[in-house]
Amino acid sequence: MLDVQNIRKTFNPGTVNEKTALDGVSLTLNDGDFVTVIGGNGAGKSTLLNAVAGVWPVDSGSISIGGTNVTKLPEHKRAKFIGRVFQDPMMGTAATMQIEENMALAARRGRARTLRPGITRDERDHYREMLKILDLGLEDRLTSKVGLLSGGQRQALTLLMAALRKPDLLLLDEHTAALDPKTAAKVLEATERIVQKDHLTTLMITHNMRDAIVHGNRLIMMYEGKIALDISGEDKKRLTVEDLLARFGQATGSDEADDKLLLS
Amino acid sequence: MTGFLSALPGAASQGLIWGVMAIGVYITYKILDIADLTVDGSFCTGGAVFVMLFSSGVNVWLAMLAALLAGMLAGLVTGLLHTVCGIPAILAGILTQLGLYSVNMAIMDMKASVALSITQQETLGRLLVSLRFVKGALDGSYPIWRHPIIVVGLFTAVLIAILYWYFGTELGASLRATGSNPNMARAQGIDTDRAKVLGLILSNGLVSLSGALLCQYNGANDINVGRGAIVIGLAAVIIGEVLFSKVFINFALKLLAVSIGAIIYYIVITAVLQLGGLNANYLKLLSALVVAIFLTIPYWKGKYFSKPVKPTKKEENTHA
Ligand SMILES: Nc1ncnc2c1ncn2[C@@H]1O[C@H](COP(=O)(O)OP(=O)(O)OP(=O)(O)O)[C@@H](O)[C@H]1O
Ligand SMILES: [Mg+2]
């Protein structure tokens, strides 16, 4: 479903701030793969997701989604294939617009915007039903401005919106990191449900090793702009946090074993 | 005082005309979150195109349509400078505005001011609005419905209806999303560059149309007529917001608030000039002060007197 071939990205080339954030990353995801991504701060996880989403062009390499080469497509054109949830709860929704308007925008992802109504009555009923699944009481607040919602509510809504039109690929960038533990668990649970229901091909970045192990059928760990570990199948099912740290040390030859990673 | 009272209908008429421009400013400043300075130039463009075409015998509506299109073209230029050439929006607007000075002069045959021959009754009768109708409609020399307040009022009502519909469509919603959160908009497949260009086109079209109306009202177009228009537009937007934001939740009412804001602005200015006996040359300073103060109030309120935010009660059926 996703085929990333040897992509590179260097920020601020030729300056003192030069930083190679992606150093030849290749990754192939099969249909329905749910891949968790871990790695220390600055390892290049967000950069990988942004490269796939087309936030900026990569320096070299190629990216295709569902057989379509999207390497040269701008962000808004790739949106046709991709649903996204960001780390910052403010990023994924339009605060000054209503809940139902946000959902209507998401329902039209990847389609030409015309002079047809921005939202119809049938849609409203449909959205109300969908919001009930979240169990956050949002179904009674369809016309509330999204800016009035809590971070967790916004994040759950963004998740729902990302999956409203079944995406070929779902990209989640630490989408529970800004939430309190209880809300984070709730959003993560909703994520699992939505991904399972539609068999969504998913890349989910997390700082929580346990989450990375529990969720998904495959786990990759990034280190200095490369994929340092790639664990799937039975191997992944048996994985423990201690295992993971040991294997990370072996793979990178570093025993920094990331205290931050361990703690979070 | 009687001087002020008798000046009221005229002030309200002018306010309504500038209100059309202010609605254009609302689209860029409030909906798209862009401060577009093109308007100081495109306002005059509307008047220039109108005065030349109308004087050469073109139908009043066709001349206004041409003014609208010319303004839209100016907006397109700013939009392309911003999105294709990557020039910051403010600077892009300033560049277009500067260039438009020459363009406007060229349209007006290199004359700084061109008059409509309104001394001829027949010509005057073909105009949509005129200063002369303000009195004429009241003393019976023209039918009452030709009063500028009625004509421009209707014009504004139709305009608001069209914009209300437009911003409720998929396309209009994509403009609002672009202004509200461009990251989100792109993630939902909206071409934010295109949306910004569309908004600038729409906005400057209205600004230019307003220029064409004012040209008719004054019976002439002057090369400096649009100078400071952006400030008047902002003043109207802000006055409308400060006074009505609690009651006018619906998008159409928000646009109405902008128009009323422009009327209030003009009445206040007229009052200051008539009652205070202020030299008209201080008008620009006064306008700048008014806008500066109204922009400061919400900022200081948030900074020094922040209260816990109460969720608003009525949220139904709004666009923006
Ligand atoms: N737009 C940008 N401009 C310049 N440098 C950037 C940009 N985005 C990322 N970087 C740099 O690239 C490197 C990788 O960043 P990235 O955001 O991908 O890390 P990450 O793995 O997501 O880390 P974190 O866990 O902290 O989110 C970092 O050194 C970062 O400073
Ligand atoms: Mg990151």
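Any value given below was found using the heavy atoms of this structure, including those in side chains, with hydrogens, waters and symmetry copies removed. Within every chain, numbering begins at 1; the chains are lettered A, B, ... in the order of the sequence lines, protein sequences first and strands thereafter.
Remark: F248(B) engages F244(B) in a ring-ring contact (aromatic ring centres under 6.0 Å, His included) (not counting sequence neighbours).
Options S174(B), A177(B), S180(B), G179(B) differ in how many heavy-atom pairs under 4.5 Å they form with chain A, and the most are formed by S180(B). Across G172(B), G189(B), A173(B), the residue that shares the most heavy-atom pairs under 4.5 angstrom with chain A is G189(B). No other option in T192(B), L171(B), D191(B), D193(B) has as many heavy-atom pairs under 4.5 Å with chain A as D191(B).
Side-chain polar atoms of T15(A) and N17(A) form no donor-acceptor pair below 3.5 angstrom. For the residue pair D122(A)/T120(A), the side-chain donor-acceptor check at 3.5 Å is not satisfied. Looking only at atom types and distance, the side chain of Y26(B) has no donor-acceptor partner in the side chain of S203(B) under 3.5 Å away.
Counting non-hydrogen atoms of other residues, nucleotides and ligands closer than 6.0 Å to CZ of R8(A) gives a total above 12.
Proximity to chain B is absent for every atom of A162(A), based on heavy atoms less than 4.5 angstrom apart. For T114(A), the parts lying under 4.5 angstrom from a heavy atom of chain B are both the backbone and the side chain. Using a 4.5 Å cut-off between heavy atoms, R116(A) contacts chain B through both its backbone and its side chain. Looking at A53(A), neither its backbone nor its side chain comes within 4.5 Å of chain B, counting heavy atoms on both sides.
T206(A) places none of its side-chain heavy atoms less than 4.5 Å from the side chain of L188(A).
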